[in-house]
Amino acid sequence: MKNYIIKPIRSIKKEVFVPPDKSISHRAAIISSIASNTTKIFPFILSKDTHATLNCLKNLKVDFKYKKDVLEIEGKGLYFNKKGQVLLNAFESGTTIRILSGVLCGQKFSTYFDASASLRKRPMSRITIPLRLMGADIKGREKNIEEYPPLIINPVENLKAIEYTLPVASAQVKSAIILAAIFAKKATKIYEPILSRDHTERLLNLFKADLVRKNKIIIVSNTKKLISPRKIFIPSDFSSAAFFIVLSLITPNSYILLKNININPTRAGLLKVLKRMGANIKILNKKDYYEPYADILVKSSKLSATVIKEDEVPTLIDEIPIFCIAASFAKGNSIIYGAGELKVKESDRITAIKSNLEKVGVDIKVEKIFIRGKEDIVLKIKGKQNLFKENGKNFMSFSDHRIAMSMIVLAKALNSESLIDDIGCINKSFPQFINLVETL
Ligand code: S3P
């Protein structure tokens, strides 16, 4: 536990580089490892989570080197060169265990896939159920009606194609099915009622996989060979940029220019939401690669409340904590529908956000409602325009990187010093965050 004193900031005028996209880095490493030929991925983010993915690849006998931000992976085809039972550990990385499991179901060896204490509490039935429908032999530790890590995966003769409607809008679940579908004989159809981030689809197209999208349906067919594009550039992570975007909006007389940020619309939904709130945000130098990216110029703005609907949530799922900070400074009542998934992230983010915001007197309500026969959560935040007059407080990270960074952003806009209990968790996605904040 490493606590941290947060000093208020009065004005920011700065160009900021945030790290490469974590979601794309995981996927690029995993897909390159089952492709033919060598792939240079640059820049590749080395954080605790991507380290977990690389560690798994190392145990799967994948050869790679990492030097000066470049990860070079030697792909040797769809099947890892292992026999017997392989022990893997995803530590705290949900993306590692959920996505890599899709590939492991198609392999010729068994895997015992473990995780650290926090990830051992996160639900896995969302992947084991569809993967079992595909004929995979995968099982988690059962408790009540849910499955949790460790997962045990045994080889099967063949995986079957399925037609599957995603019950939760989750890119990790979708990706696990897509990657398993590469090994199945016929074409798998995945119906996504609400779109989630599509990095796996975009990367697989870059590797010439047989994957097409028709509106809300993804069709993936058996792929004998993934052909490496040899080089993959990874734009900077929108989720990391989001903390600086909101910080410059709520700090008077400020601007921040963020360079080369991924602005994939299935991922950067916060941009649309903040613009609706009156944020002064400009997208500059837009480039179209397999992912679109651009520079983002943000200036201090007076924000007004907004409503986020259920189908918008996946496009900013990881940015809800920082959105709540923006909403706390905005004029009026903001509402987020369909926020239930926040309860099963690195922490129960609903509880974490509520207890921290209440410390500074923000009125936040959590309501349970039923949407299409399913229980869900609605979050209501009443903005407090004079919040910046509030004195600093003792905030809690709940050992969750995005809660820690969101509370640091809030604390920077308060009237006096605050304290946060644990910043070690930030290494999960953004090891340079504290250093960057201190240069502002
Ligand atoms: C991720 C998808 C999201 C997100 C997570 C990363 C990914 O999770 O919250 O931080 O890389 O696919 P879900 O798929 O569970 O929504």
Side-chain angles (χ1 to χ4, degrees), residues 19-31 44-45 47-50 52-53 90-103 115 118-119 121-130 146 148-149 166-179 190 192-204 218 234-235 237-243 262 264 266-270 291 310-323 336 338-350 352 376-377 400-406 425-426 428-430:
D21 190 284
K22 177 164 84 76
S23 278
I24 305 175
S25 293
H26 281 295
R27 288 161 169 80
I30 292 171
I31 296 171
F44 181 88
I45 178 176
S47 68
K48 251 190 158 173
D49 270 9
T50 56
T53 290
F91 297 98
E92 288 165 20
S93 174
T95 305
T96 306
I97 196 164
R98 293 201 179 117
I99 294 190
L100 193 52
S101 288
V103 177
S118 68
L119 183 54
K121 292 189 197 122
R122 295 180 65 190
M124 292 295 143
S125 301
R126 48 184 64 201
I127 62 157
T128 56
I129 291 172
E146 186 49 84
Y148 298 92
L166 291 170
V168 271
S170 158
Q172 292 175 349
V173 175
K174 173 176 63 173
S175 302
I177 304 171
I178 291 177
L179 289 167
I190 304 165
E192 256 194 301
I194 301 179
L195 296 189
S196 61
R197 65 187 71 182
D198 62 357
H199 305 311
T200 305
E201 297 90 301
R202 286 173 186 258
L203 270 176
L204 282 173
I218 304 161
I234 304 205
D237 199 315
F238 183 82
S239 298
S240 299
F243 300 107
N262 180 289
N264 176 333
T266 62
R267 179 70 192 281
L270 181 71
E291 294 271 349
E310 194 199 2
D311 56 2
E312 203 172 17
V313 169
T315 70
L316 72 156
I317 185 72
D318 292 339
E319 287 65 69
I320 300 283
I322 192 66
F323 163 78
I336 309 164
E341 274 293 297
L342 292 179
K343 287 194 90 67
V344 289
K345 292 294 175 192
E346 282 83 336
S347 69
D348 170 353
R349 288 187 177 157
I350 301 283
D376 213 327
I377 285 173
D400 180 336
H401 57 145
R402 301 205 197 278
I403 297 296
M405 291 185 274
S406 299
C425 53
I426 295 175
K428 190 174 203 294
S429 63
F430 198 164

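In each ligand, atom 1 is the first atom listed, and ligand 1 is the first ligand listed.
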Under a 3.5 Å cutoff, is there a donor and acceptor pairing between the side chains of [X] and [Y]?
X: Asp49; Y: Ser47; value: no
X: His26; Y: Thr95; value: no
X: Thr53; Y: Thr96; value: yes

| said: What I want to find out is whether Lys428 reaches Glu92 closely enough, with some N-O distance under 4.0 Å, to be called a salt bridge. | reply: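 Judged by the 4.0 Å cut-off on N to carboxylate O distance, Lys428 and Glu92 do not form a salt bridge.
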| query | Does a side-chain N-to-carboxylate-O contact under 4.0 Å join Arg349 and Asp400? | reply |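 Salt bridge between Arg349 and Asp400, a charged N being under 4.0 Å from a carboxylate O: yes.
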| field | Per-ligand residue contacts, ligand 1, heavy-atom threshold under 4.0 Å | value |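 Lining ligand 1 at under 4.0 Å, by heavy atoms, one finds Ser23, Arg27, Thr95, Arg98, Ser170, Ala171, Gln172, Arg197, Ile317, Asp318, Lys345.
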| message | I'd like to check the salt bridge (charged side-chain N to carboxylate O under 4.0 Å, His left out) partners of Lys343; sequence neighbours left out, ordered by chain and number. | response |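 Once residues adjacent in sequence are excluded, the partners of Lys343 under the salt bridge (charged side-chain N to carboxylate O under 4.0 Å, His left out) criterion are Asp348.
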